[in-house]
Amino acid sequence: MKNFAADVTREVNFDGLVGPTHNYSGLAHGNMASARHQGLVANPREAALQGLAKMKTLHDAGFAQAVLPPHARPDIGALAALGFTGTPAEMLAAAAAADPSLVRAVSSAAAMWTANAATVTPSADAPDGRLHFTPANLQSSFHRALEAPTTAAALRAIFADEQHFVHHPALPSTPAFGDEGAANHTRLCSAYDAAGVHLFVYGQAGFPSADDLAPTHFRARQTREASQAVARQHGLAAEQCVFAQQNPAAIDAGVFHNDVIAVGNGPVLFYHEAAFADEVGTLGALAEKLLAHYTALCPVRIDHADVSLESAVNSYLFNSQLLSRADGQMELVVPGECEIDLAVCQTLQSVVTDPDNPIAAYRVLDVKQSMQNGGGPACLRLRVVMSAAQRAAIGARVMLDESLYDDLCVWVNTHYRERLAIDDLADPALIYETREALEALTRLLELGPIYDFHYAARI
Ligand code: SUG
């Protein structure tokens, strides 16, 4: 394959490294796969190796690939905040006796889905010419609300150079400002170094009025007010943004983030007809704002007749990565589950053979351990558009290459269990196993002290 020149602005995909406590606790709201697989015995080692194999495959295919670290779980600091005392092992035992749900929540490895880690604005769009980050508060569930502080610390450690990078605080952690990060944000543009248009998709209003639409079965996780606040933090003007409501019926059918039903890249928006509450208005606004940058929107719409909403949710067809190749074409990276559904396979064939869009190929990757918790290829990565100078300013060893891949595989094989049932989460040995693993990882990735246990002797 043709290679990118070293000095071009590129999209770097930061995949979450699956943590050692990966498990199936059925914690996620509105997420069908998580509910369906509750209680399954997980294989954290296989999960982490599947994630690494995905990263390596995309790196080898010429895409820019990086990694974000897992969080320290069980989160003993969270137990301390809930009033548990004693040694970490005593706190875990007391929490297990008081309410096993607490142990499940503080043990979740959900930080692997880095599409929910933050919202990112590339420097080409920011008034100060720097790259902007807002960690997501993920306030809609306890197990995910624990992520924001470590996410912020990891992003600050990796993107430390203030000349290039700006870090904003997570939004207030309350339902009116529910924010789930880049899973509900898509930047469309003609080229990565050119100015773009930001599509923020929200589930419902945070301060609703009587005529506002909202899902009836599942709570929406992202609010309009949260999306607007992130855009404000990043200095985005009205003409750079489209705020569109997700179709409430899609949320009720299991589309808990917009990235379960749409993915965009460059000027292309690949989406299901049920994605937006107002499809015509959303596409019209995007097309108009992109045209101001002399760019034509390229919508790739999939109809109900071709792929039902149920198939979209089960296959995660739209939770694919849409990647730009050096030859100017694009490629879709889809999960193995797409191959099980004939209608989805036929749709993929027709998309890649359609001369009216630049999607020339699709690639199938196996991330089954993550998929069983509702996390497909796109959930596992945070997109950061970076110039060559910004890539050179990264302050840790997180860009994937042969040697980092090899080191991470050895690290996983050394520290991870192959079997983790829900009842195992109360095992105090897990506390020390995971800390040892993360100590080693901190050195390997040259991260510096980002975890609570680095600071607080008590925990
Ligand atoms: O928040 N699952 C995650 C999956 C996130 C997927 N991300 C994107 N679509 N971008 C969630 O629903 C399951 C954890 C458990 O059940 O143990 C979980 O949190």
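We use all heavy atoms of the structure for the numbers below, so side chains are in, but hydrogens, waters and symmetry mates are not. Indexing begins at 1, ligand by ligand and atom by atom, following the structure's order. In this text the structure is predicted, and so the values were computed from the model without any measurement.
- The aromatic rings of His167 and Phe133 sit parallel to each other, their planes meeting at less than 30°, with 60° as the upper class boundary.
- Side-chain atoms of Gln369 come within 3.5 Å of backbone N or O of Asn43 as a donor-acceptor pair.
- In this structure, Asn23 contributes its side chain and Thr21 its backbone to a donor-acceptor pair below 3.5 Å.
- Summarising the geometry, atom NZ belonging to Lys368 is positioned 12.5 Å from atom OG belonging to Ser370; distances are rounded to the nearest 0.5 Å.
- Polar contact with ligand 1: absent for Tyr24 (N/O pair, distance under 3.5 Å).
- Counting atoms of ligand 1 from 1 in the listed order, those under 4.0 Å from a heavy atom of Asn31 are 2 (N), 3 (C), 4 (C), 11 (C), 12 (O).
- Panel note: side chain Glu273, backbone His304; a donor-acceptor pair is recorded below 3.5 Å.
- Residue contact check for ligand 1: His143 places a non-hydrogen atom closer than 4.0 Å to it.
- Considering backbone and side-chain atoms together, Ala110 places no N or O closer than 3.5 Å to any N or O of ligand 1.
- When only interatomic distances are considered, the shortest N/O to N/O separation between Trp113 and ligand 1 does not fall below 3.5 Å.
- Taking a cut-off of under 4.0 Å to the non-hydrogen atoms of Gly374, the atoms of ligand 1 that pass are 4 (C), 6 (C).
- Taking all heavy atoms of Met371, His257, Arg221 into account, the minimum distance to atom 1 (O) of ligand 1 is reached by Arg221.
- The protein atom (non-hydrogen) at minimum distance from atom 8 (C) of ligand 1 is Cys379 SG, 2.8 Å.
- Taking the six-membered ring where the residue is Trp, Tyr24 and His22 present perpendicular rings, their angle passing 60° and hence far from 30°.
- Considering backbone and side-chain atoms together, Asn373 places an N or O closer than 3.5 Å to an N or O of ligand 1.
- Closest protein heavy atom to atom 17 (O) of ligand 1: Ser25 N, 3.2 Å.
- Panel note: side chain Asn319, backbone Asp259; a donor-acceptor pair is recorded below 3.5 Å.
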